[in-house]
Amino acid sequence: MRPDAERCWLGESACDSHPPPPDCRRSPDVSPHLNRALGPWQLMFTGLSAMIGSGWLFGAQRAAATAGPAASLAWLLGAVIALAIAGVATELGGMFPVAGGMVRYANLTHGPLVGFMAASANWLSIVSVVPVEAEASVQYMSSWSFPWARGLYHDGVLTPPGLMAAAVLVVVYFLLNFWSVRFFARFNAMITVFKLVVPAATALALMASSFRAGNLVGDGAGGFMPYGLSGILTAVSTSGIVFAFNGFQSPLNLAGEARNPARSIPFAVLGSVVLATVIYLLLQCAYLGAVRPGAGGWAGLSFSSPFAQLAIAFNLNWLAMLLYFDAFLAPSGAGATHLASSTRMTLGMQRNGTMPDLLGRIHPLYGVPRPALWFNLGVAFIFLFCFRGWGILASVISVCTVISYMMLPIAALALRRTLPDRLRPVRVPAMRVVGALAFMFSSLLLYWARWPLSGDIILLMLMFLPLYAWFRRHDGWARHRAAFRHAVWFMAYLPTIAALSYGGSTAFGGRGWIPYGWDLAVVAVVSLLFCEWGVRSAVPVPDVSVMDAQDDVPAMEGH
């Protein structure tokens, strides 16, 4: 890298006396072109495909096990939170339709330190979905009647043959992304329609075959909320609900390849959340109405392939076969979409200056960042072999997702102060209220995840700091000090939430020092205080050239 590149913020800010040279973030042999090939429907299908993956195969069972019949309320609450956060994100995406946008907004508004920590959590929450989708497919295979299939999954984890089968599926997701974004988009659009039809058909078929309406209102033992309000809130955070709605990020990360971002991004993001909510509510109602909890209650129900096993129990063999086929197709679409999204995130982190230049190279013909794609394939394999069950990895992903959400409302609110005249194709009404609520919801989601999981993930985020120090080792002391000044609020926020989680009520895994009910109020108030601090800590004059004069320029596909 040239000496003058060492002087630039690499995407941080122009508040310094040395604005970055326009090309200081690009290695000499990087192609500057991404293909603007995605229309609004194709972009929405990427979000919908990411949401209706393995989550629909297992989410209803896990939500019922955590919240009982009130699981439907958990899905509705999750949808409301997702829409609040997604609405804020659409304003940012409309302002800056760049590749990997989700990992770049915080870098623009709060500098490289906050930008790196937010980007790390976001990237981690997306790239780890790739192996979990493959695991879901193999887990459904394990309920086949063939002896070899039953050996793929045992005691809640994949066996070595199951891991090998999942690894093959991850390679398939990689190959779907290896060529042009247009090839990926066509494949994704083709299967997404099928992915909508099968879950809806499953829900309706189960309701027609066996539906106990009393289950939905809790006529049995335990009532409507057998695990209390805390069960509903925890279900939102850890049972796959946040995990399912996380797919709304895909259109934002692919915004650099949208033909008309101002129109396509809000349509894609909000439309995909609404459609996914309808599908998931249907599935949850079908599951609640079809099963009969035993002595162990809803938490005692255990299926390796929930909907397929229910279909077989009701002699719906045609539906079981369809589900087994969709158990490959739905996760494959989501896995390929998340791999595409995480690859653009890696590209965005390279543009921020916290990934090697090699990962910023874009293929000159196909417009695909192939080195970043190879890198994410390797990381996906690491997650696959370290976390061998869907439920284990889904909980970790959900909490990482929550941390990644936090900077969206802070960035949007900060830009309303620092760039009030910036063109906003999408303008969220009452942003001060919506943004503050979105940050409060994110904080509550992190708290609802329960101790010690909430603390473990925060510790994981702090462990990324040495990596940041390595990537930014050439920054001078003045720049490190400025980056820290903009990050003090965030560095204080994470241990504060961890401390509240540790000392909170026993309903959320804490020590009980703060009574139940009061703990929720304390977290809400503390989050609003940190929200104000975070907004006021933003860079006073953001350097929009790192977003505008970037390499995400329109280009025709070269084949």
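Remember, predicted model here, so these are calculated numbers, not experimental data.
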Counting C-beta onward and ignoring hydrogens, is there a side-chain heavy-atom pair between [X] and [Y] closer than 4.5 Å?
X: V132; Y: E135; result: yes
X: F96; Y: L415; result: yes
X: M431; Y: V88; result: yes
X: S442; Y: I85; result: yes
X: V198; Y: T202; result: yes
X: L77; Y: L233; result: yes
X: M491; Y: M117; result: yes
X: M349; Y: W123; result: yes

Going by the side-chain contact (heavy atoms from CB on, under 4.5 Å) test, name the single residue among T346, T343, V379 that passes it with V127.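 Answer after filtering T346, T343, V379: V379.
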Checking side-chain contact (heavy atoms from CB on, under 4.5 Å) between L92 and each of V428, V426, L408, T109, which is the one that passes?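 Passing option: L408.
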With side-chain contact (heavy atoms from CB on, under 4.5 Å) as the criterion, how do L216 and C285 come out once you've worked through the C-alpha distance, each side chain's angles and the decisive distance to 0.1 Å? CA-CA 7 Å; L216 271 65; C285 290; 4.1 Å; yes
In Å and rounded to the nearest 0.5 Å, what is the [atom1] to [atom2] distance from [X] to [Y]?
X: L323; Y: I312; atom1: CG; atom2: CD1; value: 9.0 Å
X: S128; Y: E133; atom1: OG; atom2: CD; value: 10.5 Å
X: L113; Y: N107; atom1: CG; atom2: CG; value: 10.5 Å
X: L229; Y: T234; atom1: CG; atom2: OG1; value: 9.0 Å
X: R427; Y: M95; atom1: CZ; atom2: CE; value: 9.0 Å
X: S209; Y: M207; atom1: OG; atom2: CE; value: 11.5 Å

Of all heavy-atom pairs between [X] and [Y], which one has the smallest distance, and what is that distance?
X: A436; Y: C531; result: CA-SG, 4.1 Å
X: P409; Y: G435; result: CB-O, 3.2 Å
X: L288; Y: A64; result: CD2-CB, 4.0 Å
X: M51; Y: V273; result: CE-CG2, 3.6 Å
X: I52; Y: P199; result: CG2-CG, 4.1 Å
X: F245; Y: A276; result: CE2-CB, 4.4 Å

Please determine whether the number of non-hydrogen atoms from other residues, nucleotides or ligands lying under 6.0 Å from atom [atom1] of [X] exceeds 12.
X: W533; atom1: CH2; answer: yes
X: R511; atom1: CZ; answer: no
X: W513; atom1: CH2; answer: yes

Check against side-chain contact (heavy atoms from CB on, under 4.5 Å), L196 and L48: CA-CA 9 Å; L196 283 173; L48 199 55; 3.7 Å; yes
Are the aromatic rings of F508 and Y447 close, with centres under 6.0 Å apart? yes
Are F248 and L83 close enough, and set up right, to give a side-chain contact (heavy atoms from CB on, under 4.5 Å), and what steps lead you there? CA-CA 9 Å; F248 80 78; L83 282 170; over 6 Å; no
Please walk me through it: do F383 and L124 pass side-chain contact (heavy atoms from CB on, under 4.5 Å)? CA-CA 10 Å; F383 272 99; L124 201 64; 3.4 Å; yes
Fit a plane to each ring of Y287 and W298, take the angle between them on a 0 to 90° scale, and name the class: parallel (under 30°), tilted (30 to 60°) or perpendicular (over 60°). tilted
Parallel, tilted or perpendicular for Y493 and F490, by the 30°/60° rule?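 Ring orientation, 0 to 90° scale: parallel.
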If we ignore hydrogens and angles and just use 3.5 Å, is the side chain of T66 paired with the main-chain N or O of A63 as donor and acceptor? no
Is it the case that the side chain of S501 and the backbone of I497 share a donor-acceptor pair, with hydrogens and angles ignored and the cut-off at 3.5 Å? no
